[in-house]
Every structure is written in structure tokens, then in C-alpha cells.
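Every number for a ligand or one of its atoms is a count from 1 in the order of the listing.
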Amino acid sequence: MTTGELSAERHRIAFLHDRLDRERAAAQAGLEAALRDPHEQRWHREVTVRMLSEQVNRLKVADEGLCFGRIDTADGERTYVGRVGLFDEEADWAPLLTDWRAPAARPFYTATAARPEGVVLRRHFHTRGRFLEGFHDDELDMTSAALLAAVNAPRAEVMRDIVATIQAEQDEVIRLPHEGVLVIEGGPGTGKTAVALHRVAYLLYTRRERLSRQGVLVVGPNAGFLRHISRVLPSLGETDVVFATPGELFPGVRTDREDTPALQALKGGLGAVDLVREAIVDREELPVEPVRLELEDVVVELTAPIAAAARDVARASGLKHNEAGPLFHRALVDGLVAPALTLIGEDWPELAGDVRRELARHPDLRRAASALWPVLTPQELLADLYAGRCAALGHPGLLRADPAAWTVSDVPLLDEAAEQLGDDGRAERAAERVRRAEVEYARGVLEVVDTDAAMHEDELRAVDLVDAEWLADRHTEVDHRVLADRAAADREWTYGHVVVDEAQELSEMDWRVLARRSPNRSMTIVGDLAQRQADAGVRAWGRVLDRYVPGRWRYRRLTVNYRTPAEIVDFAARALAEVDPAATAPTSIRSGEPPLEVAGADPGSFRPSTGTFAVIGVDGPLTPRAAKGLEFDVVVVLDPERMAPAERYVALTRATRRLVVVRDPVLRG
Ligand SMILES: Nc1ncnc2c1ncn2[C@@H]1O[C@H](COP(=O)(O)OP(=O)(O)OP(=O)(O)O)[C@@H](O)[C@H]1O
């Protein structure tokens, strides 16, 4: 690296920062002006604001590593690669900086000595903030100095993007032109999570139109994990993403409480679909005693056989339970007309119609109908099931003290119940109430305007021009929540793409929920069967996926471990062999310290002076389950023998630098 070259590159990078600043300032100023403009038509302003907000978001990249590389090709072309694209509007929009996701940037990741793809130089920049400290040119091989520097760097609490050092096997997965379901499998630390998130960023870049309308759902195992990965995407400049744990996939319920493994298996298996169906059928009841209905001329009785016939009619309709409620009521009326006429003992042409109308309006019949065939929310159905009905249905194990204390495995059951129960009409009624209130309010506004005493008779009054309904519409707020908030609150929202991390933990019932959220079956599924801790989880990808996309899903395997030094990988291999003797551990790209095994030491004494640290044990502080997907510079594992093999494998593969195994809990005190 000559001083002249370094100074030229410094100029170039300073110039790019300058460009970015100017574009940011222009977009921000445009946005503020559009928001203030009182003359602009409302719809037009909304379009402009949305466009400019997207631009501001796109340009919100960290100063760190704006431009991280350069490639030169044999035909003299030079491409600077960075986190966003910048163009020269005065030179026919020639690229000044090429977005890492653009096709022109691809050789930066894929060129190798064996297949140089026309690349003669690949340069990596080392920057601190905006300042270029230096650069190096690599030999077009995989384990470049830049990669080693990146994987050796201490980890922060949150995961960073890897755009500067994506490797060829990862790049292939990130850009795979497959719209449907893709499974990415690989051992711990092979970058599955990183790759899945970069694939989302890539898809948002190439299919912005559709994805920014429908958004992307990223499902991860726990809140700690989601925090760990939540900043990767915004740092790539993307926003329309909902992050959720499996316990948050049903709006209105938020839980991380777990059932016992036996209950998880019961609720997670496909048998739960029938369980929900049986619970609903159990709520379609018959009267134990006949219900007396006093009509004007006579008293009729709603008996079990009449109710049973009405129930048959409602069930045969094929409608969902809640939607069939009105039909059940009507069938009861139908069934009661004839007995009423017989009791009256008279027969003239209008009588039947009169009796039918009286029955249809009868409050006691209405009450009886909704007691026998109640409109139910999913929560009401399940709480009632867990409060006692489950015993009669052959599942006494489901009984619990607080029926509404939802667990993670209840979430897919609630979702299933919502599907099978159908619309309970409450949302619609609530919307109608809000609307009526708005109309009332608008009417009030018109009255105030129109009672202006000074107004001349001939003058045009507000009510001549507008009516309350119109005014209410005008005042109804457009939904200004960002896409992520709207999507997360709506059970029926369908996403443009769904990412599932630690997917090996999900039950058959969880997959049904995800399939509903992704009717177009565009999914990136990330997991490692060897790390499965949940009994109800995935045992073979095909067993789950062939149900939804038979033969149409793709599979890719990542083989290189970027997290753990080879010595730790070897140590953890024993646990892996216990999980699956046929499995091979990924290859680590670096070596480091051998793991330390000690007895009776204070775990805290291994805390490093810099970097991240965790103590993993069956009783905490961090359990193997909560440690899933996370990584720390130094990890102490307490009594790994007390863990199940898959838990042990997960715990032993979290360290990026140093692993300490502490045994003997008594001395540890
Ligand atoms: N190409 C790369 N360049 C630099 N760092 C990388 C690269 N690929 C992965 N890493 C780093 O390796 C670490 C492990 O990545 P990640 O957490 O995505 O692995 P994983 O396969 O999901 O692991 P696990 O199965 O344990 O959840 C992260 O720190 C990530 O940033």
C-alpha cells in the first residue's frame, strides 16, 4: 500500500460520505417541506411523504463502513462496494458506490483464485467511523485477512451485519433466486442467522414493491435472541419487518411461559386440530330441561329434540361455529312453529307467519339460542376447556388452575380456534360503534357551525354542503401506524416473506400458524436438527414441509463455523455425537485456546475485562434454551452433564473466544 494510493482512497471515501450527507439532507428537507405543505392534496402528500420517508430510511446507514470494498476487473472497470448505492446524476446516473445487493457487487463475494470471474483486484477497506485507516488486497481466496479480522473481533450485545465479508457459500444462499421455501441448515456458528437476515435485506432490495406492501415476519426463539438480531436489518437500511417469538404470533397474547414437555407434545401435535374441533362441538349444546317460551296465545317448549334438529341444520351448513349462530337460531324458530300451531289449535293463513315472527323476536329464545350455541372468542373457548371440559373430552392433563395463563404452546391452539370458530362479529361491531360515535360528533360540529345567530337566511349553511356521514369520513384518521405495527396487530395479516430461525424447535401446530401467515409460501427457514431441544420440534424437514409445499422446497447447507475456534468445535463434537452419531461438526476457520475444565470455581472469576460474557447452566443464570442462537466472547458452562445432549451441544458452542466448563456445584457455592 503506497502513501499515494492510500491518500487517493481516502479522498474517494471522503467524497462518498460527502455525497451521502448531501442526499440525506436533501431527502430530509424534502420530507419536512412535504409534511408542512398546506396546499398539497392529501393523497398526493401521502404518496410524496411515503416516498421521501423511504428514501430517508434507505440513507440511514451507519457511518461505519459506508464503503468497505473495491473490485477491479480485467477490462479496467472499478467498482466500489458499500452498504447503499450512490449515483452521479450529472453523469447519467453512473454508480459512485454500488449497493452490496446489486448484481455488479456479486463478484466481490464470489470471485476466487480458481474462478476469478474477471476480477483482478479485490480490496478491503479498514475504516474507523468515516476515517480510512488502511486497506489490503487479498488473494481471492476464502479465508481473507478481512474475514479473520471480522471473526476475531470481540462481539457486541447485538449482532452486526456481515456485508463486508460474506463468503461465497453464504452469498449463494443470500441471492438464491427461489421464491418459495428455502431451508438453510448448518452447525452452530455457520452464519445461518446472519445469512437469513441478509437474504431478507436482499429480497427487500430486489422485490421491494411487494415486500414493502406486505412486510416480512422474522420469528426467533426468545426475546433475548430477537434483541440480539434486531439491529442487523435496520443497519442494512430496512424497516418493514416484524420480529416475533412463537409466543407472540397471536395478537393480544404475549407469553414466554412454557408448558411441561408432555403438554408441549400434546398441544404441538396435529391431534390438537381435532382437540379444538371437539372443544367447539362440545359447546354446541342441547337443553337439559325444556325451555318454556311464553307466546301471546300459548306456551311452547324448546325441547332437546327440537334443539338437536336445529343443531344438525347449523352443522350441515358447513359454516364455521360463530358464523352458523344465526342459522341455529333460525332453525330453532322453524322447529317451534309447528308445535306452537298445534297448541293454538287454529289455522288461518297468516297465523304461521305471525307465530314465526313472534318466536324470532322472543328474548327468551334468543337467550336460549346463545346459551346453547354461544358466540366464542378463541380465548373463551380454550379457557373454558382448560377450566374443566378437557376432562370430559379425555384430556384431564390440560386442566389448570388459571385457565387464562397462556403458554407458548397455547398460541397455535388459539390461532387454530380462531380459524375454526370463524368471525365472532365483535371487531365489526366495535368498528360500527366507533363510526356511529364519529357521526354523532360530526353532527354536533355541524349544529355548532349552523347555529351561528348572525347568519343570514340566504347564506349557504354547512349542512347544505356536507352531511354528518361525509364529515365523519373526513375525520376518520388514516391508519398512520407503520407497516410493522399494523401487521403485528392483525391475526389475518399475510406477509410477503417469513423467516423462521431456530426452526427445529417448532411444533406441527406452530407450522400451521406460519403457513397461514405465508399463503404464498415464501419462507426462509433456518435451523439445525442437531440443536433441537423441544420434543415436539422438527425431526425431519420433509415431514413438516411436504405437507405445505410437497417437493417444492429447497435445501442448502452451510459448512464453515465463523464463531468458535477449532478447539471448542472439537470439544463440543462429543455432545454432537450423542445427539446424532452420524452428524459432522462444521469446520472452524481459526484456532484459539483449548477449553478449560475446572472443578468448583467461581464462574464470575472468568469474566473478561472486555467483551461479552455468559454463564450457562440448567438452572441458569442463562439456560441452554435461552442461550439458543446467542454468542458471547467468554462462556462458562456449569455441569454440562446435567443437560440433555442437545442442550449441552448448544451450550458448548456459544463461545467466540474462550470456553470454561465448571463442575461440582457444591464447591461452586
Ligand atoms: N461471512 C462472515 N463474516 C464475518 N462474520 C461472520 C460471517 N458469517 C458468520 N459470521 C459470524 O459468525 C457468528 C455466528 O453467526 P450466526 O449466529 O448467524 O450463526 P448460526 O449458524 O445462526 O449459529 P447457531 O446455530 O448457533 O444459532 C456471528 O458472529 C456472525 O456475525
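- Relative ring orientation between His136 and His126 is described as parallel, the plane-to-plane angle staying below 30° on a 0-90° scale split at 30° and 60°.
- Given atom 8 (N) of ligand 1, the protein heavy atom at minimum distance is Gln170 NE2, 3.0 Å.
- Using modelled atom types, no side-chain atom of Glu9 and backbone atom of Leu132 make a donor-acceptor pair closer than 3.5 Å.
- Cation-pi geometry between Arg12 and Tyr80 is met: under 6.0 angstrom from the ring centre, within 45 degrees of the axis.
- Other residues, nucleotides and ligands contribute more than 12 heavy atoms inside 6.0 Å of the CZ atom of Arg207.
- Near Ala194, the atoms of ligand 1 lying under 4.0 angstrom from a non-hydrogen atom of the residue are 18 (O).
- Nearest residue to atom 10 (N) of ligand 1 from Tyr562, Phe225, Tyr109 is Tyr562 (criterion: closest heavy atom).
- Residue-to-ligand polar distances keep Arg160 apart from ligand 1: every N/O pair is separated by 3.5 Å or more.
- The environment of Asp256 atom CG is sparse: at most 12 non-hydrogen atoms of other residues, nucleotides or ligands sit within 6.0 angstrom.
- Within the structure, ligand 1 has Thr190 among the residues with a heavy atom less than 4.0 angstrom away.
- Protein heavy atom at the shortest distance from atom 17 (O) of ligand 1 is Arg563 NH2, 3.1 Å.
- For atom 3 (N) of ligand 1, the closest heavy atom belonging to the protein is Thr165 OG1, 2.7 Å.
- Of all atoms in ligand 1, numbered sequentially from 1 with element shown, those under 4.0 Å from a heavy atom of Glu631 are 13 (C), 14 (C), 28 (C), 29 (O).
- Within the cation-pi definition used here (under 6.0 Å to the ring centroid, within 45° of the axis), Arg557 does not qualify as a partner of Tyr555.
- Counting only non-hydrogen atoms, the option in Leu147, Asn152, Val650, Ile162 that gets closest to atom 6 (C) of ligand 1 is Ile162.
- A distance below 6.0 Å separates the ring centres of His124 and Phe108.
- Atom CZ of Arg227 has 12 or fewer heavy atoms from other residues, nucleotides or ligands within 6.0 Å.
- Of the heavy atoms in Val195, none comes closer than 4.0 Å to ligand 1.
- Closest to atom 16 (P) of ligand 1, if we only count protein heavy atoms, is Gly191 CA, 3.6 Å.
- In terms of protein heavy atoms, atom 30 (C) of ligand 1 is closest to Met159 CE, 4.1 Å.
- Ser522 and His497 get closest at one heavy-atom pair: OG-ND1, 2.8 Å.
- Among His198, Lys192, Lys628, Glu502, the residue whose heavy atom sits closest to atom 27 (O) of ligand 1 is Glu502.
- Residue contact check: Gly629 has heavy atoms under 4.0 Å from atoms 27 (O) of ligand 1.
- Look at Arg106 and Asp171 and you find a salt bridge, because one of the NZ, NE, NH1 or NH2 atoms lies within 4.0 Å of a carboxylate O, short of that distance.
- Of the protein's heavy atoms, Gly189 N, 2.9 Å lies nearest to atom 23 (O) of ligand 1.
- Near Gly187, meaning under 4.0 Å from one of its heavy atoms, ligand 1 places the atoms 21 (O).
- The pair Arg657-Glu593 does not meet the salt-bridge criterion, since no charged nitrogen lies less than 4.0 angstrom from a carboxylate oxygen.
- Among all protein heavy atoms, the one lying closest to atom 22 (O) of ligand 1 is Thr193 OG1, 2.8 Å.
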